[in-house]
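To start, the structure under review is shown below, and the notes come after it.
The chains referred to below are lettered A, B, ... by the order of the sequence lines, with proteins before strands, and numbering in each begins at 1. Because the structure is predicted, anything quoted here is derived from the model rather than measured.
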Number of protein chains: 2
Amino acid sequence: MPMDREHCIAMGRTCVAYNLRRASRLVSQAYDQALKPTGLKVTQFSLLVSFVLAPASKMAQLAQWLGMDRTTLSRNLRVLEKRGLVELEQGQQDRRELKVRITSDGKKVFEQATPLWLKAQEEVVGGIGQERWAELAKELRSLVSGLK
Amino acid sequence: MPMDREHCIAMGRTCVAYNLRRASRLVSQAYDQALKPTGLKVTQFSLLVSFVLAPASKMAQLAQWLGMDRTTLSRNLRVLEKRGLVELEQGQQDRRELKVRITSDGKKVFEQATPLWLKAQEEVVGGIGQERWAELAKELRSLVSGLK
DNA sequence: CCATACTTGATGTATATACACGTAACGTGA
DNA sequence: TCACGTTACGTGTATATACATCAAGTATGG
């Protein structure tokens, strides 16, 4: 395998991991900046959204849905728990299970964060327009639908 | 700001940060898996590519190009340096500057990694096809071109 | 020449991420 | 009922990421 300049340029332009990671670094920074008044990072905001969508869901299930390792979700949850934004409850039938629920404090912060999220969203999407982003998002989901 | 189900579904489908982060988690896992025999993660492979492309470049410059915080690059470099894949050299004129150069060991690992990278690349891109990915990548770059 | 502002990179701290491995609880067949 | 495999989650460890802050070198106006 050659290591010449042309080859490296081609890899930089085409590598899916590199291009996605770079984009997500930059985009996450924009959202984190916007959410700063709430003390939330966009990762945490996304988790709150998923708890509202799927209340009292099991962690493994949630992790699968988020395309995230179980243990990653576990640790990300602890951060929100420490801040009192979510509660973990042991399952009734199966005592191994942990159900996650957003607290009233969590709801408050979430509602405070939503307009800030929207501002970041508009700023970022504004670069290419909603239609192009909708198409892009669809393609992205298609790209990763076969993985894992 | 409402917190109803519809709203949350819409946020999940449209949030740029969430969709990019999710995609990059899944994609990175695929590449990391493929690169495992080399002990490299795809982030490290990408760094090696950039050192070949821009030999002896300054860290701040490189970080800017990679859309990465200076301090992130600094720490990621240390990992490669510990493994002896890159060397850091103090600048001649400006003693603050650090120039990064890939070592011969680094080249060896890079050449070993390249066919494995290609395999992951084909697996991931295969899901949608090269043309659609090329278009997608262009849109992605356009999306983030205004940030930072 | 020097005080000061600016540049370059490193450190402290915190979160995000995943793999390998460990532990407790559940289910099941003998 | 109990031994064993399976399932659900946590821990240890390592890397990735960024912000706030610090230290040192450089540039510049006086």
Side-chain angles (χ1 to χ4, degrees), chain A residues 17-18 20-36 39-47 57-64 66-83 85 88-100 147-148, chain B residues 17-18 20-36 39-47 57-64 66-83 85 88-100 147-148:
Chain A
Y18 168 66
L20 284 180
R21 289 188 77 95
R22 181 175 196 279
S24 83
R25 277 194 298 270
L26 291 166
V27 166
S28 295
Q29 281 173 43
Y31 282 78
D32 286 349
Q33 188 67 31
L35 291 173
K36 200 161 228 182
L40 290 177
K41 308 194 78 176
V42 68
T43 45
Q44 301 172 344
F45 182 75
S46 299
L47 285 184
S57 50
K58 294 189 293 180
M59 295 201 31
Q61 222 168 32
L62 210 50
Q64 166 71 22
L66 294 166
M68 181 182 287
D69 193 85
R70 233 177 5 103
T71 64
T72 301
L73 176 58
S74 180
R75 286 186 156 108
N76 291 354
L77 271 182
R78 299 300 169 177
V79 177
L80 294 174
E81 195 196 12
K82 258 193 293 183
R83 256 192 84 178
L85 304 185
L88 301 178
E89 190 192 354
Q90 203 176 26
Q92 293 299 310
Q93 317 98 322
D94 191 335
R95 272 176 303 170
R96 290 170 303 180
E97 291 180 2
L98 267 189
K99 306 286 185 66
V100 190
L147 303 177
K148 259 280 161 143
Chain B
Y18 168 67
L20 285 180
R21 290 187 76 94
R22 182 174 194 280
S24 78
R25 276 194 299 268
L26 291 165
V27 166
S28 296
Q29 281 173 44
Y31 283 78
D32 285 350
Q33 188 67 30
L35 291 174
K36 201 162 225 180
L40 290 177
K41 309 195 77 177
V42 67
T43 43
Q44 300 171 345
F45 181 76
S46 298
L47 285 185
S57 50
K58 293 188 293 178
M59 297 203 26
Q61 222 166 30
L62 211 47
Q64 166 72 22
L66 293 166
M68 183 182 285
D69 193 88
R70 258 179 335 152
T71 65
T72 300
L73 176 58
S74 179
R75 286 186 156 106
N76 291 354
L77 271 182
R78 297 302 170 177
V79 177
L80 295 174
E81 194 196 13
K82 258 193 292 185
R83 257 191 83 180
L85 305 184
L88 301 178
E89 191 193 353
Q90 202 175 29
Q92 293 300 310
Q93 317 97 320
D94 190 334
R95 275 176 302 170
R96 288 169 306 181
E97 290 181 3
L98 268 189
K99 306 285 185 69
V100 190
L147 303 177
K148 262 276 158 148

Which part of the nucleic acid, if any, lies within contact of B:Gln93, taking any heavy atom under 4.0 Å across all strands shown: a base, the sugar-phosphate backbone alone, or nothing?
-> sugar-phosphate
Residue whose closest nucleotide on DNA chain D lies nearer the 5' end, A:Lys58 versus A:Lys36 = A:Lys58
Under the side-chain contact (heavy atoms from CB on, under 4.5 Å) test, residues paired with A:Leu66 that sit two or more places apart = A:Leu47, A:Ser50, A:Leu62, A:Met68, A:Leu73, B:Tyr18, B:Arg25
Nucleotide D:dG25, atom C1' - distance to CD of B:Gln92 in whole Å | 15 Å
Any donor-acceptor pair under 3.5 Å joining the side chain of A:Arg96 to the base of D:dT7?
-> yes
Mind listing the closest non-hydrogen atom pair of B:Val42 and B:Asp32 along with its distance?
-> N-OD1, 2.8 Å
With respect to the phosphate group of D:dA24, does any side-chain polar atom (N or O) of B:Arg95 fall under 4.0 Å of OP1 or OP2?
-> no
Could you state the atom-to-atom distance from CD of B:Gln64 to C1' of C:dT7 in whole Å?
-> 14 Å
Hey, is the main chain of A:Lys41 close enough, under 3.5 Å, to the side chain of A:Gln44 for a donor-acceptor pair?
-> yes
Euclidean distance, atom CG of residue A:Leu77 to atom P of D:dT11 [Å, nearest integer] | 13 Å
Between D:dA27 atom C1' and B:Glu97 atom CD, what is the distance in whole Å?
-> 14 Å
Heavy-atom distance under 4.5 Å between the side chains of A:Lys58 and A:Lys99, does that happen here?
-> yes
Distance in angstrom units between B:Asp94 CG and C:dG9 C1', rounded = 10 Å
Base, sugar-phosphate, or nothing: which does A:Lys99 touch, judged by heavy atoms less than 4.0 Å apart?
-> nothing
Atom-pair distance (CG on B:Leu35; C1' on C:dC19), nearest Å = 15 Å
Quick one: do the A:Arg21 and B:Ser28 side chains pair a donor with an acceptor below 3.5 Å?
-> yes
What is the nucleic acid contact for A:Gln90, judged by heavy atoms within less than 4.0 Å: base, sugar-phosphate only, or nothing?
-> nothing
Reading 5' to 3' through nucleotides 12-18 of chain C, protein heavy-atom contacts under 4.0 Å coded B for base, S for sugar-phosphate only, - for none = BB-SSBB
